[in-house]
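Structure record follows, encoded as structure tokens.
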Amino acid sequence: MTTHPVKPPIGPATRLCMSLAARPGQFGSRFHNRLYERLGLDFIYKAFTTTDLPAALGGIRALGIRGCAVSMPFKEAVIPLIDRLEGSAAAIDSVNTIVNDDGRLTGYNTDYSAVAQLLDRAGIAPETPFLLRGSGGMAKAVVAALRDRGHRQGTIIARNRATGQALADLYGFIWTPELQTQTAPLIVNVTPLGMKGPEAAQLAFPEAAIVAAETVFDVVALPSDTPLMRAAGALGKTCISGAEVAVLQALEQFVLYTGIRPDPELVDEATAFARAT
């Protein structure tokens with residue numbers, strides 16, 4: 001029987017990590033806390049939401065909170081409140097991870113690397129044209145990963161002209177406010193459509209676009225079985241889900257917070273635990 005180090009009891013030396021999201025879920029808390037338990041680390045993870053982002057960031061700094069995952073709609077809004085941006089976060093002006101080193105807050109973006117890995121695993125050729133719906137912080141990470149893989153033909157669909165046009169112009173793609181009859185081999189949803197809540201039943205792309213696609217990518221992680229994923233699966237399309245993004249980006253966050261990279265078998269076990277209801 002495999003034995004694991006004993007996790008210390010919660011005390012003054014316990015390090016807190018957290019998440020900030022408009023709609024907090026349980027995956028991150030269960031994933032991180034399971035790894036802390038299995039590795040015997042004196043850490044604890046808790047999900048939060050906030051209506052006062054500056055105060056929340058001040059609390060991270062003042063209380064010595066080690067790390068913070070950042071989800072919609074805070075990925076761009078946190079930037080003026082932290083001290084520096086690292087790597088892809090600086091390149092795309094979007095933060096999904098904050099690390100606190102003695103009161104100095106650094107922003108990272110682990111979404112970018114997770115998306116790139118999943119596109120590679122799916123074997124999507126760099127010349128594949130795409131349609132992408134959304135223009136927020138997560139959309140920046142996905143579009144940057146597509147551009148950096150060599151994709152040159154893409155359309156950004158966003159009702160917000162300011163953010164949609166800016167995103168398309170930044171990476172050399174086309175912007176349109178609404179999807180009409182366009183189709184592409186790769187379609188990507190980076191909006192809350194299909195997410196748990198008031199938009200849970202909405203299909204992010206019309207059926208004609210799903211039928212014409214070869215690969216369907218939905219970054220919504222809660223639930224992972226969105227209407228878009230169900231429709232694409234029923235049609236036999238290659239599917240990339242938000243749950244897959246959640247695992248890869250959470251793993252890189254764990255490494256940033258703790259300095260430890262767990263074995264793949266342990267990551268798989270923590271993922272199964274986090275997904276269990």
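In what follows, residues are counted from 1 in the order of the sequence shown.
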Could you give the distance from CG (N109) to OG (S88), rounded to the nearest 0.5 Å?
-> 4.5 Å

Any donor-acceptor pair under 3.5 Å from K46 side chain to S29 backbone = no

Answer yes if V95 and I92 sit in the same cluster of Ile, Leu, Val, Met, Phe, Trp and Tyr residues linked by side chain heavy atoms under 4.5 Å apart, and no otherwise.
-> no

Do L85 and T106 have side chains that get closer than 4.5 Å, going by heavy atoms?
-> no

Ignoring hydrogens and geometry, is there a side-chain-to-backbone donor-acceptor pair from N160 to T163 under 3.5 Å?
-> yes

Given the rule that I, L, V, M, F, W and Y join up when any side-chain heavy atoms are under 4.5 Å apart, are I174 and L170 in one cluster?
-> no

Is there a donor-acceptor pair closer than 3.5 Å between any side-chain N or O of T226 and the backbone N or O of M229?
-> yes

Could you state whether V219 and I124 fall into the same hydrophobic cluster, counting links through intermediate Ile, Leu, Val, Met, Phe, Trp or Tyr residues with side-chain heavy atoms under 4.5 angstrom apart?
-> yes

Less than 4.5 Å apart, any side-chain heavy atom of T155 and any of W175?
-> no

CZ (R230) with more than 12 external heavy atoms under 6.0 Å = yes

Decide yes or no for L57 and L53: does some side-chain heavy atom of the first lie under 4.5 Å from some side-chain heavy atom of the second?
-> yes

Could you list the donor-acceptor pairs under 3.5 angstrom formed by side chains in residues 60-80, with sequence neighbours left out?
from: R61; atom 1: NH1; to: D83; atom 2: OD1; distance (Å): 3.4
from: R61; atom 1: NH1; to: D83; atom 2: OD2; distance (Å): 2.7
from: R61; atom 1: NH1; to: G103; atom 2: O; distance (Å): 2.8
from: R61; atom 1: NH2; to: L81; atom 2: O; distance (Å): 3.1
from: R66; atom 1: NE; to: Y257; atom 2: O; distance (Å): 2.9
from: R66; atom 1: NH1; to: N100; atom 2: O; distance (Å): 3.0
from: R66; atom 1: NH1; to: D101; atom 2: OD1; distance (Å): 2.7
from: R66; atom 1: NH2; to: L256; atom 2: O; distance (Å): 3.2
from: K75; atom 1: NZ; to: D111; atom 2: OD2; distance (Å): 2.6
from: E76; atom 1: OE2; to: K140; atom 2: NZ; distance (Å): 2.9

If you look at every heavy atom in T271 and F27, which pair is closest and at what distance?
-> O-CE1, 4.3 Å

Are the side chain of N189 and the backbone of T191 linked by a donor-acceptor contact shorter than 3.5 Å?
-> yes

Using the side chain to side chain contact (heavy atoms under 4.5 Å, CB included) rule, take H151 and E127 through it: C-alpha gap first, then chi angles, then the decisive distance, then the call.
-> CA-CA 5 Å; H151 295 262; E127 61 270 18; over 6 Å; no

Are F205 and V216 co-members of a hydrophobic cluster defined by side-chain heavy atoms under 4.5 Å apart?
-> yes

Any idea which heavy atoms bring R38 and R34 closest together, and the distance?
-> NH2-NH2, 2.7 Å

Backbone of A200 reached by a side-chain donor or acceptor of Q202 within 3.5 Å | no

From L186 atom CG to L132 atom CG, the distance as rounded to the nearest 0.5 Å = 8.5 Å

Below 4.5 Å, heavy atoms only, C-beta onward: do L179 and L131 meet side chain to side chain?
-> yes

Taking it one step at a time, do Y108 and Q253 satisfy side chain to side chain contact (heavy atoms under 4.5 Å, CB included)?
-> CA-CA 9 Å; Y108 296 80; Q253 290 174 333; over 6 Å; no

Steps toward salt bridge (Lys or Arg N to Asp or Glu O under 4.0 Å) verdict (E199, R23) = CA-CA 12 Å; E199 297 164 306; R23 305 174 192 174; 3.7 Å; yes

R84 versus R104: any side-chain heavy-atom pair under 4.5 Å?
-> yes

For T49 and L20, what are the C-alpha separation, side-chain angles and deciding distance, and is it a side chain to side chain contact (heavy atoms under 4.5 Å, CB included)?
-> CA-CA 5 Å; T49 190; L20 281 174; 6.0 Å; no

Atom CD in Q165, atom CD1 in I156: separation rounded to 0.5 Å?
-> 10.5 Å

Could you check whether the rings of H32 and F254 sit parallel, tilted or perpendicular, using 30° and 60° as the cut-offs?
-> tilted

Under a 4.5 Å cut-off applied to non-hydrogen side-chain atoms, are I187 and T215 in contact?
-> no

Closest contact, heavy atoms only, V245 versus A114 = O-CB, 4.0 Å

Do side-chain atoms of N33 reach the backbone of Y45 as a donor and acceptor pair under 3.5 angstrom?
-> yes

Verify whether one side chain among T110 and N96 offers a donor that lies under 3.5 Å from an acceptor in the other.
-> yes

Measure across L228 and A204 and return the closest heavy-atom pair with its distance rounded to 0.1 Å.
-> CD2-CB, 4.1 Å

Is there a chain of hydrophobic side chains (I, L, V, M, F, W, Y, each step under 4.5 Å between heavy atoms) that links I210 to I157?
-> yes

Would you say K7's side chain and Y36's backbone share a donor-acceptor pair under 3.5 angstrom?
-> no

Determine yes or no for a side-chain-to-main-chain donor-acceptor pair under 3.5 angstrom, with S224 supplying the side chain and A243 the backbone.
-> no

Are L193 and R133 close enough that some pair of their side-chain heavy atoms sits under 4.5 Å apart?
-> yes

Run the side chain to side chain contact (heavy atoms under 4.5 Å, CB included) check on R275 and V247 step by step: do they pass?
-> CA-CA 10 Å; R275 288 176 176 167; V247 172; 3.5 Å; yes

What are the two closest non-hydrogen atoms of F273 and R30, and how far apart are they?
-> O-NH2, 2.7 Å

Side-chain donor-acceptor pairs under 3.5 Å in residues 8-16, sequence neighbours left out?
from: T14; atom 1: OG1; to: G11; atom 2: N; distance (Å): 2.8
from: T14; atom 1: OG1; to: G11; atom 2: O; distance (Å): 3.2
from: T14; atom 1: OG1; to: D42; atom 2: OD1; distance (Å): 2.8

Please round to the nearest 0.5 Å and tell me the distance separating atom SG of C17 and atom CZ of F43.
-> 5.5 Å

Find the distance between CG (L41) and CG (L39) and round it off to the nearest 0.5 Å.
-> 5.0 Å

Shortest non-hydrogen contact from A232 to C239?
-> CB-SG, 3.6 Å

Just wondering, are more than 12 heavy atoms of other shown residues or ligands nearer than 6.0 Å to CD in E207?
-> no

Between S241 and D218, is any pair of side-chain heavy atoms under 4.5 Å apart?
-> no

